[in-house]
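Remember, it's 1-based here, ligands and their atoms both numbered in the order they're listed.
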Amino acid sequence: MIPFNKPHITGKELWYIAQAHAKGQLAGDGSFTKKCQQWLEETTGCRKALLTHSCTAALEMAAILADIQPGDEVIMPSYTFVSTANAFVLRGGVPVFVDIRPDTLNIDETLIEAAITPRTKAIVPVHYAGVGCEMDVIMDIAKRHKLLVIEDAAQGVTAYYKGKALGSIGDLGALSFHETKNIISGEGGALLINNPSLIERAEIIREKGTNRSKFFRGEVDKYTWIDIGSSYLPGEIIAAFLWAQAEEADKINHIRLRQWDVYHNEFEELEQRRVLRRPLITKGCEHNAHMYYVLTDTHTRRNCMIKALKEQRVHTVFHYVPLHSSPAGKKYGRVHGAMKNTEELADRVVRMPLWVDLSDTEQERVVELVAATMDACERG
Ligand SMILES: *Cc1c(COP(=O)(O)O)cnc(C)c1O
């Protein structure tokens, strides 16, 4: 079986974990956490990076920092992972779903302004497949309406929009190091803080609502409870694992990008025959090969293809069930405008196996079987 994803181990993970263990440094914010945060600050240009135990946790911190009150609205795509919405719903916020662009499957920036009401607090662009949303337009809208921008850059680690790292453009950015992402620690994430006025409160929220970070830096002589918060920091074992991955980030990207290009070249002919459409990288975007998906011409062919490939022991998968059509999405959110692209495109997405240790032979097999099943599905 060729799986859809297989986590890549760089080789130094256990060695770094052994170092944390030998030092007896197991709680969070030790030397490996500091190394990872510094790496993120240097490579993204954000003002402050804080490791979290997931991207979900980073989004929850962002919702607290945005001071979301019951009834406040947050504009986001419906074509995203549940955590994008859940983080705000947990604070009583209302996700307002707008449609996506047909080319990148990212939020359609031209629909955002019409969805703004006096209750709108934030815009949450999601960089699907590590391809940047139209951030210049989004930042301009946010500035004119005094809204916060929280980037869900879970899939965007080491990807860029007009030279700026994804997650470093809005007020806040949330990254994921889940094992299905490019750089991993099993579960893991980070909050990137670009708006300096949010740094101090972010540290407090992450440390159970206390000023413990200030205390450890010697800035206060005792620490105490001063705000709402939770425990959002990972232990050092996770950070040690992540550090081994961070050191190899360039190599990992290089291999993934090469595999992405292979799919892209091989599927050109199928695109010319109009049986599928390949992903589109918009101008100014440097993606990270987080994902290779194709859009089949019909929903029926997509499902037929996934099933046929599975019978040939190749695991391909569809992606999000749009949040506005989910039970919780209907209960807690609302849509603004038609969801035509979201509904139509979500039904046609198929994601290909793409992981560092996928061999050339295995990838060739995927390519050949995709071409064959596309035809078989048409006839069938
Ligand atoms: C993976 C993902 C998340 C959640 O990340 P976790 O680290 O698993 O919490 C959130 N949003 C998007 C768009 C994702 O792809």
Side-chain angles (χ1 to χ4, degrees), residues 4-5 7 36 40 49-64 74-90 93 95 97-98 100-101 104-107 122-133 135 138 149-159 161 166-167 169-170 172-192 206 230-235 238-239 241-242 245-246 256 279 287-293 317-324 326 328-329 333 342 345-346 349 351 354-355:
F4 167 67
N5 179 57
C36 291
L40 286 170
L50 294 174
L51 287 196
T52 57
H53 49 72
S54 62
C55 176
T56 301
L59 288 165
E60 286 179 22
M61 285 180 66
I64 298 173
V74 181
I75 298 171
M76 63 179 69
S78 165
Y79 187 67
T80 182
F81 188 62
V82 290
S83 297
T84 319
N86 234 340
F88 298 93
V89 171
L90 279 168
F97 302 117
V98 301
I100 50 172
R101 292 164 54 123
T104 55
L105 314 193
N106 278 334
I107 190 166
I123 306 170
V124 186
V126 179
H127 305 297
Y128 188 65
V131 179
C133 297
M135 292 308 291
I138 293 169
V149 174
I150 299 161
E151 298 175 72
D152 182 337
Q155 302 173 15
V157 180
T158 69
Y161 167 83
L166 300 187
I169 308 164
L172 297 161
L175 309 183
S176 176
F177 303 117
H178 185 262
E179 77 165 31
T180 51
K181 304 301 200 292
N182 290 22
I183 307 297
I184 63 172
S185 58
E187 303 281 349
L191 181 68
L192 305 187
R206 180 168 166 272
S230 189
S231 184
Y232 288 120
L233 69 168
I238 291 284
F241 191 107
L242 184 61
Q245 295 265 323
R256 294 186 72 106
H287 74 107
N288 58 357
H290 170 61
M291 183 194 302
Y292 197 91
Y293 68 87
V317 289
F318 56 86
H319 213 178
Y320 306 126
V321 173
L323 297 185
H324 75 276
S326 68
T342 303
L345 300 171
V349 168
R351 294 179 292 155
L354 196 159
W355 33 277

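Under the 6.0 Å cut-off for aromatic ring centres, H319 and Y128 qualify, their centroids lying closer than that.
When heavy-atom distances to ligand 1 are checked against a 4.0 Å cut-off, V126 comes that close only through its side chain, counted from C-beta outward. Contact annotation for C55 and ligand 1: heavy atoms of both the backbone and the side chain come within less than 4.0 Å of the ligand.
The shortest contact between atom 14 (C) of ligand 1 and any protein heavy atom is with A154 CB, 3.3 Å. For atom 11 (N) of ligand 1, the closest non-hydrogen atom on the protein side is D152 OD2, 2.8 Å. Shortest contact from atom 3 (C) of ligand 1 to any protein heavy atom: F81 CD2, 3.5 Å.
With sequence neighbours excluded, no residue forms a ring pair (Phe, Tyr, Trp, His ring centres under 6.0 Å) with F241.
The distance criterion of under 3.5 Å between nitrogen or oxygen atoms is met by Q155 with respect to ligand 1. An N or O contact shorter than 3.5 Å links T56 to ligand 1 by distance.
The distance from ligand 1 to the heavy atoms of Y320 drops below 4.0 Å at these ligand atoms: 13 (C), 15 (O). The ligand atoms of ligand 1 that sit less than 4.0 angstrom from a heavy atom of S54 are 7 (O), 9 (O). Contact atoms of ligand 1 toward K181: 1 (C), 2 (C), 14 (C), 15 (O) (distance under 4.0 Å to a heavy atom of the residue). Distances below 4.0 Å separate heavy atoms of G188 from the following atoms of ligand 1: 7 (O). Ligand-side atoms of ligand 1 in range of S176: 5 (O), 6 (P), 7 (O), range being under 4.0 angstrom from any heavy atom.
Of the residues listed (I123, V126, I169), the one engaging E151 in a side chain to side chain contact (heavy atoms under 4.5 Å, CB included) is I169, and it is the only one.
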For H53 and Y232: C-alpha separation, side-chain torsions, deciding distance, then whether side chain to side chain contact (heavy atoms under 4.5 Å, CB included) applies.
CA-CA 6 Å; H53 49 72; Y232 288 120; 4.0 Å; yes
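The environment of CZ in F318 is sparse: at most 12 heavy-atom neighbours from other residues, nucleotides or ligands sit within 6.0 Å.
Panel note: side chain S54, backbone E187; no donor-acceptor pair is recorded below 3.5 Å. With hydrogens and angles ignored, the 3.5 Å screen pairs a side-chain donor or acceptor of N5 with a backbone N or O of E179. Judged by distance alone, with hydrogens and angles left aside, the side-chain atoms of N288 form a donor-acceptor pair with the main-chain N or O of V157 at under 3.5 Å.
The shell of residues lying under 4.0 angstrom from ligand 1, judged by heavy atoms, excludes A174. For H127, the closest heavy-atom approach to ligand 1 does not fall below 4.0 Å.
By the 4.5 Å heavy-atom criterion applied to side chains, Y320 and T84 are not counted as neighbours.
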